[in-house]
Asks: 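Quick one: structure below, then a few questions.
Excluded from the calculations below are hydrogen atoms, water molecules and symmetry mates; all remaining heavy atoms, backbone and side chain alike, are included. Chain A is the first sequence line, chain B the second, and so forth, proteins listed ahead of strands; every chain is numbered from 1.
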Number of protein chains: 2
Amino acid sequence: MNRSRTTVVDIAHAAGVSKSTVSLVLQGSPLVNEKTREKVNSVIADLGYVYNRGAANLRQSRSKIVGIVVNDLTNSFFAELAVGMDMVVQSAGYVQFLAHSGESVDRQREVIASMRENGIAGLILSPARGTEAADLKPLIDSGIPVVIVVRNLPGAKVSTLLSDNYTGAKAAVRHLISLGHSRIGFMGGFLDTAVFAERLRGYRDALQEAGLAVDEALIIHSAPSRAGGVAAVERMMLLADRATAALCLNDAVAFGVCDGLRSVGIEPGKGFGVIGFDDVIEAKTAVPALTTVSVDPQGMGQRAAQLLLKQINAGGSEQESLVTSVRLVVRQSCGAPVKNNHLEKMA
Amino acid sequence: MNRSRTTVVDIAHAAGVSKSTVSLVLQGSPLVNEKTREKVNSVIADLGYVYNRGAANLRQSRSKIVGIVVNDLTNSFFAELAVGMDMVVQSAGYVQFLAHSGESVDRQREVIASMRENGIAGLILSPARGTEAADLKPLIDSGIPVVIVVRNLPGAKVSTLLSDNYTGAKAAVRHLISLGHSRIGFMGGFLDTAVFAERLRGYRDALQEAGLAVDEALIIHSAPSRAGGVAAVERMMLLADRATAALCLNDAVAFGVCDGLRSVGIEPGKGFGVIGFDDVIEAKTAVPALTTVSVDPQGMGQRAAQLLLKQINAGGSEQESLVTSVRLVVRQSCGAPVKNNHLEKMA
DNA sequence: CGATATAATTGGAACGTTCCAAATTTGTCA
DNA sequence: TGACAAATTTGGAACGTTCCAATTATATCG
């Protein structure tokens with residue numbers, strides 16, 4: 001393998017033009033004559049030239065790379081979010097560094113540093129638990145656009161894309177109340193994320209609005225995962241005065257709650273109303289189909305990526321904060337009668 | 001923002017040394033005096049210098065970037081695979097381009113081309129359906145190490161890391177037979193992937209070995225997803241002579257099969273034995289807990305990444321093909337009695 | 001046809017690093 | 001102290017592109 005990489009100069013030489021002309025062709029400039037463009041392009045194909053974007057980045061001091069850091073890729077909500085981003089990033093001619101912080105702020109710091117060294121044009125971050133606004137300061141000061149998604153990061157001067165957790169949770173609890181429930185639990189999650197706080201607030205307000213007391217014993221903390229949902233049910237079973245329905249922090253918890261209920265002989269959607277949050281792809285096909293607050297993670301990923309790209313192109317760093325609206329999707333797990341579930345299953 | 005990026009030259013100037021010395025410090029060379037090293041490092045910290053890896057890559061004509069392309073990130077098997085890779089890639093000081101091909105060979109071609117332009121040091125690919133060995137030819141010829149994972153790509157001269165699909169499927173079916181089943185189905189998947197072919201072969205051989213006839217009607221093709229599993233059950237219900245148990249192409253299908261069974265009033269693990277494949281993270285906590293062939297996707301991702309890094313460092317492109325062994329994890333969904341499921345649930 | 005406008009092309013200097021060969025400083029020993 | 005070795009430092013040329021100003025070819029017009 002002693003033949004070194006073919007470069008613009010090689011192309012230029014073979015096509016009988018200057019490297020500047022080749023560069024113009026590469027950039028699709030209208031300045032170059034149609035004849036020579038064809039010539040150059042054919043030589044490029046012949047020699048199997050591959051463009052060195054790194055060299056271009058160096059000269060132009062900007063890149064076509066965006067960084068994406070999510071806190072937990074194994075959670076399908078985030079996986080879908082990532083896929084949504086991937087779609088718009090790719091079709092805008094960018095590539096993405098995608099990293100998984102696993103809820104570790106240290107890891108998160110490392111990968112962001114590494115991405116900076118590699119010259120990202122912008123960053124989309126779903127912050128790990130415990131991330132501080134100050135952690136992003138150097139990045140932002142250096143003029144790199146940042147978009148925060150899913151979890152709020154109060155105090156950070158960046159664009160943000162969140163879902164309307166408060167309204168969604170409120171709507172879900174209202175629905176349970178309208179079905180006749182009065183002892184409604186809130187399951188999953190810990191105090192340290194903004195998402196948790198917002199959804200819990202929606203839960204509280206919906207209860208108060210209906211004149212129902214909030215029983216703190218029915219707010220059951222647990223890991224925001226399927227296993228956490230199972231654990232939450234186990235803890236609820238120890239209570240004397242149990243709930244008859246619950247809003248769960250997210251769909252993963254909700255599935256876990258269904259599992260947990262079954263293993264104590266309660267059929268979710270019959271003996272107990274369960275509502276999730278996120279509308280993960282499996283929510284629709286699960287049995288019972290999960291009533292949940294739909295956030296459309298892929299769509300949200302797309303919007304986040306669009307927001308970032310807009311910001312990269314604008315150059316100006318005017319921050320923008322969007323709240324995407326959510327809607328309650330009523331399926332079986334809440335116990336509501338549903339006319340024709342086949343319609344939705346097939347959708 | 002008129003102050004441009006600080007560079008080694010700025011550091012050198014501020015520290016009263018030459019840029020070469022700064023470069024040496026940056027690389028941790030033992031040639032430089034301890035005193036000056038400290039001086040330089042402190043200046044680096046003061047000025048908030050960020051290393052430009054792109055420029056270094058240009059000069060050295062090698063990079064610390066690996067490309068990872070998976071066919072479906074929304075499938076949690078692949079998401080976990082990606083997380084496993086991420087772990088070793090990150091701790092080796094590399095970053096990863098991670099892209100999702102969505103089973104489209106066109107998309108796959110595009111992202112691989114884009115990654116090449118961006119100068120990846122190696123590629124890990126879980127090929128989209130329909131990928132040909134020839135598609136990778138140019139990449140391989142250019143001397144970039146490639147590791148194929150999960151799905152075989154016959155004819156490609158690259159390293160490969162597959163799981164032992166044949167043996168795993170065989171073991172699963174043997175287990176069902178030992179539980180007394182004689183009409184065993186195979187659900188999910190299409191003919192066009194090597195994975196499907198291998199698992200199906202294991203299924204066939206296990207049946208024949210036991211002297212049981214293979215009924216083609218019980219091999220039910222469907223999308224390799226949860227929805228596909230539901231559909232497979234619906235189709236099976238139309239048969240006169242139904243199966244009493246099934247091996248599913250993967251866990252996603254198996255979950256769908258459980259859903260489908262429930263919606264026709266059959267309890268998975270009781271009236272019907274279900275075995276999955278992959279041992280996705282939820283398999284353990286699902287109800288009933290899924291009996292499945294464990295592939296340890298994270299571990300597999302780690303091994304794949306290690307294999308790639310080894311190959312990058314060796315330079316020499318001697319290909320290596322590994323088959324990771326699998327083991328049957330017996331839980332509830334197959335109907336086998338399990339002593340103490342709490343032990344495993346808590347693990 | 002000469003003059004001028006327009007289209008197309010082109011050298012060379014950047015971009016921020018690494019690496020080599022060469023230069024300089026420091027240490028050691030007779 | 002002088003000679004030599006070892007340790008440390010250093011210019012400058014690369015890497016493959018883009019961009020600017022300047023040049024050359026081609027078209028247009030009176």
Asks: If we check side-chain hydrogen bond (donor to acceptor under 3.5 Å, both in side chains) with B:Asn71, which of these qualifies: B:Ser104, B:Ser126, B:Ser101?
Replies: B:Ser126

Asks: Is there a side-chain contact between B:Leu26 and B:Ile11 (heavy atoms, below 4.5 Å)?
Replies: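 When only atoms from C-beta onward are counted, B:Ile11 and B:Leu26 do not touch, as no gap falls below 4.5 Å.
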
Asks: Under the side chain to side chain contact (heavy atoms under 4.5 Å, CB included) test against B:Phe77, which residue among B:Ile281, B:Asp72, B:Val70, B:Val150 passes?
Replies: B:Val150

Asks: Determine which pairs satisfy side chain to side chain donor-acceptor pair (under 3.5 Å) with at least one residue from residues 39-52 of chain A, sequence neighbours left out, and list them in order.
Replies: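 Listed once each, the pairs would be none.
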
Asks: Classify the nucleic acid contact of B:Arg62 as base, sugar-phosphate or nothing, counting any heavy atom under 4.0 Å across all strands shown.
Replies: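 Sugar-phosphate contact only - B:Arg62 comes under 4.0 Å of backbone atoms but never of a base.
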
Asks: For salt bridge (charged side-chain N to carboxylate O under 4.0 Å, His left out), just list the numbers for B:Glu34 and B:Arg37, CA-CA rounded to whole Å, side-chain angles, deciding distance to a tenth of an Å, and then say yes or no.
Replies: CA-CA 5 Å; B:Glu34 199 50 44; B:Arg37 179 192 307 280; 3.6 Å; yes

Asks: Go along nucleotides 8-17 of chain D 5' to 3' and tag each nucleotide: B for a protein heavy atom under 4.0 Å from its base, S when only backbone or sugar atoms are that close, - otherwise.
Replies: SSBBBBBBBB

